[in-house]
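When a residue number appears, it is its place in the shown sequence, counting from 1.
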Amino acid sequence: AQVARATSVDSIYQHRASCCCCCFPFLQVATPEKVDFVSKIFLASGISTTRTAIPACLQPTQTQEPKTDLHSAQAEAKLVYGQVISEVLRKTGLAATDIDILITNTSIYCPTPSIASMVINMFSMREDVQAYHLGGMGCAFGVVGLNMVRDMLKAHPGKTCLFVSSEIITGAFYPGHRKEALVTNALFRMGGTASILTNNPAWRSRSKYQLQHCLRVHTGASDRAYK
């Protein structure tokens, strides 16, 4: 089988000033115990206090109450996906109409129409683009997506695939007091990457990375692993 080759460095989301957050959202109105717990997790995590971001809809400086509705989640998705895709197309010199296969993934935010459909609409992609969205896979979705990219390129040699991976965190905000659920407020941040992959030999000299191995092991048959 031909090897899938990435044609550029991943495009990575760079946050806007309105999304910049030095710590975490809406702790001003929290109990001292809650503030102390989330603060300890955040400060021990190694997450940057100046180079990470949360959506404006969760920012105390931008809104009086946290907004976790679908409209706010879509706004975050458009911000992240729009930026990383525009950047990777710029780096590779490709147009959106050059994309043959589109694969997107998030775990928390899985709307209908899908995020893949949202991207097609935003960038006016071709009608015959093969589009797939993966959702609900948790932290494994990057490997799952790469498996799908590999299989699609084996089935369609010479095609160009746009693979976009992100987590849309608006819907993950937790306003309650259960400590196990508060962890997401401390650790989850906006982010996304976009890559162009192809096994077209004409792109060999332009490729920066080579996908040689992609292995996924699923332990869902084990009750202990599943729970």
Side-chain angles (χ1 to χ4, degrees), residues 2-17 19 51-53 55 73-111 113-135 137 139-169 189-212 214:
Q2 298 187 57
V3 177
R5 291 179 175 270
T7 61
S8 77
V9 177
D10 289 348
S11 175
I12 302 174
Y13 174 72
Q14 302 292 326
H15 64 78
R16 296 179 178 179
C19 297
R51 295 187 178 275
T52 57
Q74 184 185 63
E76 180 190 351
K78 286 186 174 182
L79 178 64
V80 173
Y81 276 79
Q83 184 185 114
V84 297
I85 293 174
S86 296
E87 182 66 9
V88 80
L89 293 177
R90 182 191 67 80
K91 288 181 177 180
T92 56
L94 293 172
T97 51
D98 294 325
I99 302 302
D100 303 301
I101 303 166
L102 170 66
I103 298 176
T104 61
N105 61 22
T106 65
S107 184
I108 298 170
Y109 176 57
C110 299
S114 69
I115 289 181
S117 295
M118 179 193 78
V119 170
I120 291 172
N121 177 261
M122 289 175 64
F123 289 89
S124 301
M125 292 183 171
R126 303 195 319 256
E127 291 185 355
D128 63 343
V129 63
Q130 298 192 53
Y132 305 90
H133 178 73
L134 305 175
M137 297 287 184
C139 295
F141 62 42
V143 177
V144 176
L146 281 175
N147 274 327
M148 189 171 185
V149 171
R150 177 199 59 191
D151 293 344
M152 291 296 293
L153 290 176
K154 284 183 178 179
H156 304 280
K159 298 299 183 181
T160 300
C161 177
L162 171 61
F163 175 46
V164 193
S165 182
S166 78
E167 188 55 272
I168 305 305
I169 67 170
R189 292 296 181 268
M190 296 174 68
T193 65
S195 300
I196 300 291
L197 295 101
T198 183
N199 52 12
N200 186 338
W203 283 77
R204 182 181 296 272
S205 62
R206 299 181 58 185
S207 300
K208 187 167 184 179
Y209 299 107
Q210 178 176 325
L211 178 60
Q212 294 182 320
C214 191

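Judged by distance alone, with hydrogens and angles left aside, the side-chain atoms of Asn121 form no donor-acceptor pair with the main-chain N or O of Met118 at under 3.5 Å.
Minimum interatomic distance between Ser166 and Gly191 (heavy atoms only, all atoms of both residues): CB-O, 3.2 Å. When all heavy atoms are compared, the tightest approach of Cys214 to Leu146 is SG-CB, 3.8 Å. The shortest heavy-atom contact between Leu134 and Gly145 is CD1-CA, 3.7 Å. Closest of all the heavy-atom pairs between Arg126 and Val129 is O-CG1, 3.1 Å. Nearest heavy-atom pair across Val88 and Ser195 is CG2-CA, 4.3 Å. Here the closest heavy-atom approach between residue Ala116 and residue Thr104 is recorded as N-OG1, 3.5 Å.
Proximity of Lys159 to Gln130: side-chain heavy atoms (C-beta onward) are nowhere separated by under 4.5 Å. At a threshold of 4.5 Å between non-hydrogen side-chain atoms, the residues Leu153 and Cys161 count as touching. At a threshold of 4.5 Å between non-hydrogen side-chain atoms, the residues Met190 and Pro55 count as touching. The closest side-chain heavy-atom distance from Tyr209 to Leu197 is not below 4.5 Å. Side-chain contact between Ile196 and Ile99 is present, with heavy atoms from C-beta onward closer than 4.5 Å. In this structure, the side chains of Leu102 and Phe123 stay at 4.5 Å or more apart for every pair of heavy atoms. Between Asn105 and Met137 there is no side-chain heavy-atom pair separated by less than 4.5 Å. Here the side chains of Ile85 and Val164 are in contact, with some heavy-atom distance below 4.5 Å.
Atoms NE2 and OH, from His133 and Tyr109 in turn, are 9.0 Å apart once rounded to the nearest 0.5 Å. The structure places CG of Leu211 at 10.5 Å from CZ of Phe163, a figure rounded to the nearest 0.5 Å. Note that the CD1 atom of Ile115 and the CD atom of Gln74 stand 9.5 Å from one another [nearest 0.5 Å]. Going from atom CD1 of Ile168 over to atom OG of Ser107 covers 11.5 Å, rounded to the nearest 0.5 Å. Note that CH2 of Trp203 is 4.0 Å distant from CG of Leu94, once rounded to the nearest 0.5 Å. The distance from atom CE of Met152 to atom CD1 of Ile103, rounded to the nearest 0.5 Å, is 6.0 Å.
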